Amino acid sequence: MLAIYFISSFTIVALLCLAKNRKTIIALSAIFYTFQLYCAGDVALNHIGETQLNFFTFDNLGALCFALLTVVSALTFYHSIRYLDTETPSQFRLYNQLLILLCSAITATYFANNLAVTWILIEATTIFAAGLIYHRRDQKSLEATWKYIFVCSTGIAIAYLGILLMSSAAIDGELSYKALASAIKSGNMLYMKIAFIFILVGYSSKMEIFPLYTVGVDANLVCPTPASALISSGLVNAGFIAIFRVFMLYKETPIFPWISNVLIVAGVASLFIGVLYLRQTNNYKRMLSYSTVENMGIVAIGLGIGGYGVYAAILHIVAHTLIKSGMFFQISQVGKKYGTYRINRINDYLKYCHIGGIAIIAGAIFLLAFPPSGLFVSELMIVRQIVILEKWWLLIVMVLMLCIAMYGVLNQVIKLSYTESKRKTTDYKIDIIGVCLSFALILSACILGIWQPEWFVEFINAILNMYEV
Amino acid sequence: MIFALIILYVITLISISITERFRDYASIIAMQGWILLLIVLFKLQSIHISELIFVLTETLLFKAIIVPAMLFKIIRKTKTNHIYAIGQSQFPSLITSIIALIASIATTYYIADTATNMVFFGVALYALFSGLLLIIRRKRIFSHLVGFLVIENGVFLFSMAIGTEMPFLINIAILLDILLVVLMLGMFLSKIGNSLKSIDVDAETLTTLKN
């Protein structure tokens, strides 16, 4: 199945080279996203537990993120059609090719069962994402691309050092997660500690947490907005999975509490930075990017504290993906209408698109984890676990930071929707179907906060059972 | 012989911290490429012949020839050859580099175990620190690029310190890493050079993305 998926994506990318007009490009790309949707269903229903092509295993966590990726990438493609309406066919073609290749690399990362393969695929995502960041071919995109490639490469080189250190414990150079999980226990624990720090630093550029979160923020700012939705959800999830799998390798080792504390520190630092810059920024895309840093910080804290926190971290990933991508799609419409993403230049959006304005307010409220958002449930579970562990300092820091984030984001979003504006807007006609589809994404995260279907809970519990959490 | 090569490698790391010309940077990176080639030749004789050929070819082609050639091309194209716009003393850089060397030795003695080649481990750590120092202390982005290349070479050396048998996957990983280096160099050569006119680009000038 996976071989067919890769072959089809490469074939469509190759066929796109021959496409001369937008219609053909759209038709070919649509085939890929439809097939991807079928693959996601097939994996979740029929292939869980199977290993294919030696280096890929279909597990519940990968299948869950893959399902989310298919939805987000299909909507990214849909929104890109109107968002990139002034692009030449060749620019539009290259954009779609890179999008498909990025989706394939992310999918492969989700299912990789080997430490080195994960690393290689993470590096591959850097190349394809860099192409999307450079889409505009202007000074800003050049700078962002340079920074993205440079920082990601430095990070990935550091992660590679971590992998090498970890491989010192490997038996016969076997780097599959399964083999490493048992081999690591007999390794040099000091090496294993350093290895985790190196890998965390390297992959932090993808998961957008402290310390290398900056590249993701710049990338989202410069990228065409629909692609930003994919980067700040699908690619971020790839970073999460890469870190999660390495983190779980340590579960049986005596240094697991130390490793957990490292994740908590990284999470708190991300939360602090995200919240700090959320209030300072004057750009909606940047604001959403810092919100990703903040939310991934919460995920890292959830993983670090363990217990209910792990379930909460996975739920947080699901809800965040739905809300954040939905918000980026909404903001893409706003950007097209106003010709800018600057907060001080966008007001009175409700006048132009009532449902879009409501969607943005609702999205912001849900993103800030107000009930009935899915993020509210996950954050409540994390707080519950913190109380159980009696880590009061963490509770105070987290609650304080979340309050500051609420004030910052709501202040900006209310300006966007209500404040009266005398500025001229463009002639762009807002895509109501697109607005409704992305609103549906946001609302689906809200449903997860009210009611989680039994199969969904079982799906996440299967992930926890697999790692015996 | 390997020990002599390692000493030579350490000397290149010290000299890269005090060099004042981009041309010297490129020469040192080329020299490091050739030293790594010789180290591979002497150190990895026990691995499978096909893997040895792969690693040797990759080191010779990329680390010793292509990457330095691209660096020289960038310098020729942009016609700027000094690290600083005005002359500055390199003494603080030398002191920082020596502190990094001492820190690397101390760290190696503290953490290295019997399964690890301590000399390789220490020098690889020093290379990592040297690369990071170049990125942090120097303002011009060409220096950052060289810093990244120094880290890459350090990582390569590190892979030999750990004593793994350089499995096929790790070879592929090195190759992909090199692909990114070439991509970065190509981008610098064709895009940043044209757009920003000269190599005389400070990291501080790359600020259009600031809020």
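Keep in mind it's a predicted model, so treat the numbers as computed, not measured. Reminder, nothing fancy here: chain letters follow the sequence lines and each chain counts from 1.
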Q: Taking the side chain as everything from C-beta on, heavy atoms only, tell me whether A:L221 gets closer than 4.5 Å to A:S289.
A: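 A:L221 does not reach A:S289 side chain to side chain.
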Q: For the side chain to side chain donor-acceptor pair (under 3.5 Å) test, which of A:N113, A:T118, A:N114 pairs with A:Y177?
A: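 Answer after filtering A:N113, A:T118, A:N114: A:T118.
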Q: Main chain of A:Y277, side chain of A:T281: is a donor-acceptor contact present, judged purely on distance under 3.5 Å?
A: no
Q: Report yes or no: does B:S17 contribute a side-chain atom to a donor-acceptor pair with the main-chain N or O of B:I14 at less than 3.5 Å?
A: yes
Q: By a 4.5 Å heavy-atom criterion (distance strictly below it), what part of B:I151 contacts chain A: side chain, backbone, both, or neither?
A: side chain
Q: Establish, from distance only, whether the side-chain atoms of A:Y160 and B:S159 form a donor-acceptor pair under 3.5 Å.
A: no
Q: Within residues 187-197 of chain A, which residues come under 4.5 Å of chain B, heavy atom to heavy atom?
A: A:N188, A:L190, A:Y191, A:I194
Q: What's the verdict on side chain to side chain contact (heavy atoms under 4.5 Å, CB included) for A:L165 and B:F121, showing C-alpha distance, side-chain angles and the deciding distance?
A: CA-CA 11 Å; A:L165 270 173; B:F121 191 97; 4.2 Å; yes
Q: Contact part of B:L145 toward chain A, heavy-atom cut-off under 4.5 Å: side chain, backbone, both or neither?
A: both
Q: Is the A:F210 ring parallel, tilted or perpendicular to the A:Y213 ring (thresholds 30°, 60°)?
A: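 It falls in the parallel class, under 30°.
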